Trainee: 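The structure follows.
Computed from heavy atoms alone, side chains included, the values below leave out hydrogens, waters and symmetry copies. Letters A, B, ... are given to chains in the order of the sequence lines, protein chains preceding strands, and every chain is numbered from 1. Keep in mind that what you see is a predicted model, and the values were worked out from it rather than measured.
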Amino acid sequence: HRILTYYTVNLLKLNFNANPIGVDDVKNEKQKKKISRFYLDSQATTMIDPRVFDKMIPYMTYVYGNSHSRNHFFGWESENAVEEARENIIRLINGKNNKEIIFTSGATESNNLAIIGICTYYNNINKNKNHIITSQIEHKCILQSCRYLQTKGFEVTYLKPNQKGIIELEDIKKNIKPNTILASFIFVNNEIGVIQDIKNIGKMCKENQILFHTDASQAIGKVPIDVQEMNIDLMSISAHKIYGPKGIGALFIKRKKPNIRLNAMMHGGGQERGMRSGTLPTHLIVGLGEAIQLCSREMERDNKKLIFFFNYVKQYLSKNLDYIIFNGCQINRYHGNLNISFLFVEGESLLMSLNDIALSSGSACTSNTLEPSYVLRSIGVSEDIAHTSIRIGFNRFTTFFEVQKLCVDLVNSVKRLRSISPLYEMELEKNNSSSDTLQFVWT
Amino acid sequence: MAASSRAQVLDLYRAMLRESKRFSSYNYRTYAVRRIRDAFRENKNVKDPVEIQTLVNKAKRDLEVIRRQMDSRSVAQAGVHNLSSLQPVPPRFKQFSYLSLLISWDYRRPPSHLANFCIFSRDGVSLY
């Protein structure tokens with residue numbers, strides 16, 4: 001009862017019943033007192049949209065044919081559903097042909113197939129072609145794929161982004177060589193939400209006749225993508241980041257002259273034109289197709305709300321807390337992702353204190369060590385500050401009430417943790433005196 | 001005709017809001033209510049009867065979607081009960097047996113009535 005009163009009092013101070021102009025939200029959400037969990041880690045995964053689930057249901061029950069069964073109605077109706085999903089994806093990204101979409105088990109498989117499949121194929125044809133350009137802030141699956149290729153004799157250039165998290169075009173241009181096969185840059189970074197200059201990168205790759213791959217798992221359905229205008233040759237897609245089911249993704253492979261070829265990693269019945277064998281999970285593909293179609297309709301509405309939440313949280317935290325840093329470029333970004341460093345407060349401890357809000361920290365626990373985020377380290381964030389970072393992910397279903405509660409809880413938790421932080425105390429003393437303070441080393 | 005269309009639209013609106021408020025998940029519930037209100041507000045000035053009928057038909061389909069979510073949630077809860085305990089199924093859940101009541105999801109034609117659709121789900125309540 002005390003906790004409820006505490007929240008109510010604080011939220012009343014925020015005038016939480018106000019309906020912000022231009023943001024769809026309900027006044028007097030009567031059920032809000034029954035909420036005990038808030039999900040704000042949308043970069044990890046998202047909940048399935050009920051409309052997506054509804055579309056999938058028949059394909060988990062009545063429509064069970066194998067989409068590659070060519071001789072009977074059961075196969076044909078599954079095949080039709082799969083082709084409809086392909087069509088939905090192609091329409092969203094302005095592709096030209098359904099055959100440009102290969103379904104996979106997710107963006108990780110798509111990234112592996114794009115990087116390893118493409119590079120090994122072209123290296124087999126011409127042994128001199130063995131260079132890949134990527135960045136230090138790519139998703140782990142891209143980096144690990146590149147590392148695997150390095151063990152096989154490939155040369156990989158990992159470009160360092162600037163402090164805003166943007167890869168400079170000049171750096172890419174300097175590192176393109178005659179033996180470069182492929183450039184791979186993530187569209188929207190999963191940790192800091194920064195959007196790369198994909199259009200100009202694509203143009204540069206086209207001029208230099210190298211293939212351009214982008215990991216768009218955090219971008220598709222959230223920011224406009226036009227594969228023709230952006231000269232994207234390969235693109236990885238994930239369903240569960242856009243309110244679809246887990247376990248399904250796709251790889252876009254542009255049809256152009258000369259044809260883009262790759263070595264398959266899954267061998268078997270020759271499905272997906274031999275590029276990815278295995279029986280297609282019709283229900284998951286239908287879910288992906290429906291999720292994509294919903295995103296094309298709801299993108300503008302969702303983004304309007306996310307921009308409002310993003311700005312609200314930034315303004316609230318800046319007003320009520322000092323020593324905070326917003327990581328990554330604040331303009332060229334996806335506004336559903338907010339990465340903040342709260343100095344003098346350890347990120348994992350902050351997450352533990354916010355025990356009813358699901359968030360993510362900027363560091364990854366590895367065995368007995370606490371490693372800071374490599375993405376934050378790449379953009380120049382020092383190790384001690386990287387340890388203090390948390391990532392907030394808004395989604396289509398996030399409400400203004402949840403955002404306000406997040407702000408209130410964050411401020412209170414940070415203040416509480418700082419009150420027992422010797423580093424913060426020392427910083428305050430330093431500000432009040434002229435002498436130098438001791439520097440602590442985390443590792 | 002215009003008066004009955006208006007009444008039909010208002011009934012549909014109220015039915016959709018009523019059904020949406022039955023979602024047990026806070027996020028689904030609030031999103032559905034917001035989305036329905038926004039959609040009806042956006043189209044409140046549509047005058048073309050053909051377009052109105054198209055929108056009404058779409059809203060009816062969406063209403064069926066919401067109702068199916070409610071039915072599948074009930075059986076999902078029964079499924080969790082069956083899987084998690086060795087005790088007999090409570091009487092009120094017996095009707096939601098997958099084998100005996102997997103009916104009426106006729107995807108080949110638009111549903112003309114409330115589709116009583118039942119599935120098992122291991123995830124049960126946590127799905128929503």
Side-chain angles (χ1 to χ4, degrees), chain A residues 19 22-40 42 46-64 73 77-78 80-81 243 245-246 283 286 290 294 297-298 300-302 304-305 358 394-402 405, chain B residues 16-17 19-42 58-59 61-73 75-76 79 98-99 101-111 115-123 125-128:
Chain A
N19 190 1
V23 174
D24 55 345
D25 208 335
V26 289
K27 289 183 183 180
N28 302 319
E29 292 167 346
K30 293 178 184 172
Q31 302 300 317
K32 57 183 165 292
K33 289 182 183 176
K34 296 179 187 174
I35 306 159
S36 58
R37 299 184 300 181
F38 300 81
Y39 186 78
L40 290 169
S42 305
T46 54
M47 57 204 82
I48 292 186
D49 193 304
R51 293 167 287 188
V52 169
F53 178 61
D54 189 75
K55 186 84 176 181
M56 290 168 65
I57 291 172
Y59 300 93
M60 294 190 282
T61 51
Y62 286 101
V63 188
Y64 51 83
F73 176 76
E77 59 181 357
S78 283
N80 288 341
Y243 319 99
K246 293 177 185 56
H283 62 301
V286 164
E290 183 66 11
L294 284 173
R297 290 207 303 257
E298 309 275 344
E300 195 184 326
R301 170 191 304 279
D302 289 347
K304 195 175 167 187
K305 188 171 79 168
F394 309 116
N395 62 64
R396 177 185 294 165
F397 299 97
T398 304
T399 65
F400 187 43
F401 174 78
E402 289 177 312
K405 178 168 165 33
Chain B
M16 290 183 83
L17 285 182
E19 292 295 323
S20 295
K21 288 174 183 173
R22 292 175 57 206
F23 272 115
S24 61
S25 157
Y26 162 76
N27 293 100
Y28 286 152
R29 185 170 62 248
T30 52
Y31 178 77
V33 168
R34 286 198 308 271
R35 192 67 187 86
I36 290 163
R37 284 182 183 169
D38 279 354
F40 276 80
R41 267 191 215 130
E42 273 168 23
K58 185 183 178 310
R61 286 196 299 272
D62 289 341
L63 177 58
E64 294 296 324
V65 169
I66 297 170
R67 283 176 171 158
R68 278 194 290 269
Q69 301 298 308
M70 296 303 117
D71 287 341
S72 64
R73 182 180 65 85
V75 177
Y98 176 84
L99 292 176
L101 259 186
L102 190 59
I103 57 170
S104 301
W105 187 276
D106 193 345
Y107 56 91
R108 292 179 181 85
R109 59 178 171 83
N116 291 317
F117 185 83
C118 311
I119 58 167
F120 271 126
S121 165
R122 285 180 185 275
D123 292 332
V125 176
S126 63
L127 186 64
Y128 295 114

Trainee: What's the spacing between B:Tyr31 OH and A:Glu298 CD if we round to 0.5 Å?
Mentor: 3.5 Å

Trainee: Side chains of B:Arg34 and A:Thr399: does their closest heavy-atom pair fall under 4.5 Å?
Mentor: yes

Trainee: Kindly compute the distance separating CG (A:Asp54) from CZ (B:Arg67), expressed to the nearest 0.5 Å.
Mentor: 13.0 Å

Trainee: If you measure from OH on B:Tyr26 to CZ on A:Phe38, what distance do you get to the nearest 0.5 Å?
Mentor: 7.0 Å

Trainee: Just how far is it from atom OH of B:Tyr28 to atom CE of A:Met47, taken to the nearest 0.5 Å?
Mentor: 6.5 Å

Trainee: Kindly compute the distance separating CZ (A:Arg396) from CG (B:Asn27), expressed to the nearest 0.5 Å.
Mentor: 12.5 Å

Trainee: Is the shortest side-chain heavy-atom distance between B:Thr30 and A:Phe401 below 4.5 Å?
Mentor: no

